[in-house]
Q: 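This is the structure, below, for whatever I ask next.
All residue numbers refer to positions in the sequence shown, counting from 1. Being a predicted model, the structure only gives us computed values, none of them experimental.
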Amino acid sequence: MSVTGAALLSACTSAAGSTGSSSSAQSSTLQEVIKRGTLNVASCLTFPPFGSTSKDNKPQGFDVDVATAMATALGVKVKIVDTTSANRIPNLQTKKVDAVVCNFTTTAERAKQVSFSDPYIVAGEVMLVKKSSGISTLKDLTGKTVAVTKGSTNGDAVKAGNPKAKIQEYDTSSAAVLAVKQGQADAMVEDSNFLNYQAKLDPSLKVTKDSVVPLEYNGIGLPLGDATWIQWVDTWLREFNTSGQADALYKKWFGVSRSFPLNPSY
């Protein structure tokens, strides 16, 4: 009786463990999305060309296209949820969305609260100048006026690279771009992807290749601890990037080829 009871208990325990493991796998966001038939993605629709709203009030932009491609690979529809930078993490923590595709730079501090996919886009802090300026590196900024956005660290970064540069702060990135266009500033320092877009809009401008600060690697934000979901997203991203689809979308929205490789080198 004792042996039989022990055997039964062992069998029940094993079965329970198997059921629990299966339940855990089925509770992954991956299975939930497929069952629901919709992928809910948070994107910032006030930061073109990453995200914006079209004339017919539909989401559009590079990040929106990335989210749509992701949903297509899953065989589901995509629902874009407009968000702000501050709400990206709360949207994941409250399960309002399944993923965040919104110029989300991966940092160790943020990784305490959410998970990140492998990088899908990389940014450097570079310079926007007029093509006729002759400026291509930080050394060329000696005695020149550099437009930066208030509250950013770009002014300090420029000063560290060239103490003889003159820093002029503006309330918004748009105002800083306008300063360069109107000749009030010789250069502007900002996110390379944003500046590439500005140069696409105005052929008299160009973006330099000289990065002022270390590169920033942006990933897709995902719920913390969902290994199955993270694995699928990373696997899909590898296919998305190596197929050329990612590069085509980048050129579509930013007007140029990628400036930096997706994988960091040390």
Q: Do S43 and D63 get their side chains close enough for a donor-acceptor pair, meaning under 3.5 Å?
A: no

Q: Given 3.5 Å as the limit, does a donor-acceptor pair link the side chain of K159 with the main chain of P163, or not?
A: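 Side chain of K159 to backbone of P163: a pair is present.
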
Q: Which value, rounded to the nearest 0.5 Å, describes the distance between F240 atom CZ and D234 atom CG?
A: 13.5 Å

Q: For residues V212 and N154, determine if any side-chain heavy atom of one lies less than 4.5 Å from a side-chain heavy atom of the other.
A: no

Q: With the side chain counted from C-beta on, respond yes when N103 and C44 share a heavy-atom pair under 4.5 Å apart, and no when they do not.
A: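 Side chain of N103 against side chain of C44, heavy atoms only: no contact under 4.5 Å found.
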
Q: For the atom pair CE (M70) and OG1 (T68), what is the distance rounded to the nearest 0.5 Å?
A: 11.0 Å

Q: To the nearest 0.5 Å, what is the distance between CG on N193 and CD1 on I121?
A: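 Spacing of CG (N193) from CD1 (I121) equals 4.0 Å.
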
Q: Is any side-chain heavy atom of V76 closer than 4.5 Å to one of T38?
A: no

Q: With heavy-atom distances below 4.5 Å as the criterion, would you say the side chains of I80 and V101 are in contact?
A: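 When only atoms from C-beta onward are counted, V101 and I80 do not touch, as no gap falls below 4.5 Å.
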
Q: If two hydrophobic side chains count as joined below 4.5 Å and joins carry through other members, does V33 share a cluster with L92?
A: no

Q: For residues E125 and E190, determine if any side-chain heavy atom of one lies less than 4.5 Å from a side-chain heavy atom of the other.
A: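 A side-chain contact exists here, since the closest heavy-atom pair is under 4.5 Å.
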
Q: Ignoring hydrogens and geometry beyond distance, is a side-chain donor-acceptor pair present between T142 and N162 at under 3.5 Å?
A: yes

Q: Is there a path of hydrophobic side-chain contacts, each under 4.5 Å between heavy atoms of I, L, V, M, F, W or Y residues, that connects V64 with L74?
A: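 Shared cluster, yes.
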
Q: Any chance you could measure T84, atom OG1, to N91, atom CG, to the nearest 0.5 Å?
A: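 CG of N91 is found 7.5 Å from OG1 of T84.
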
Q: Give a yes or no answer on whether the side chain of K77 reaches the backbone of A71 with a donor-acceptor pair at less than 3.5 Å.
A: no

Q: Are the side chains of R110 and R88 in contact, using a 4.5 Å heavy-atom criterion?
A: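 Result yes, sub-4.5 Å side-chain heavy-atom pair found.
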
Q: Has Q231 got more than 12 heavy atoms of other residues, nucleotides or ligands less than 6.0 Å from its CD?
A: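 Result for CD/Q231: open.
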
Q: Applying ring pair (Phe, Tyr, Trp, His ring centres under 6.0 Å) between F50 and each of F254, F194, W253, Y250, report the one that passes.
A: F254

Q: Rounded at 0.5 Å granularity, tell me how far CD in Q93 sits from CG in N87.
A: 11.0 Å

Q: Once you round to the nearest 0.5 Å, how far does OH of Y217 lie from OG1 of T105?
A: 11.5 Å

Q: Could you tell me whether the side chain of K130 and the main chain of K181 form a donor-acceptor pair under 3.5 Å?
A: yes

Q: Just wondering, do T228 and W232 contact through their side chains at under 4.5 Å, heavy atoms?
A: no

Q: Look at atom NZ of K79 and say whether more than 12 heavy atoms of other residues, nucleotides or ligands are closer to it than 6.0 Å.
A: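 Incorrect, the count does not exceed 12.
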
Q: Honestly curious: do L237 and F260 fall in one hydrophobic cluster under the side-chain, below-4.5 Å linking rule?
A: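 They do share one cluster, since a chain of ILVMFWY contacts under 4.5 Å joins L237 to F260.
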
Q: Indicate yes or no: at least one non-hydrogen side-chain atom of T137 is less than 4.5 angstrom from one of T208.
A: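 Result no, sub-4.5 Å side-chain heavy-atom pair not found.
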
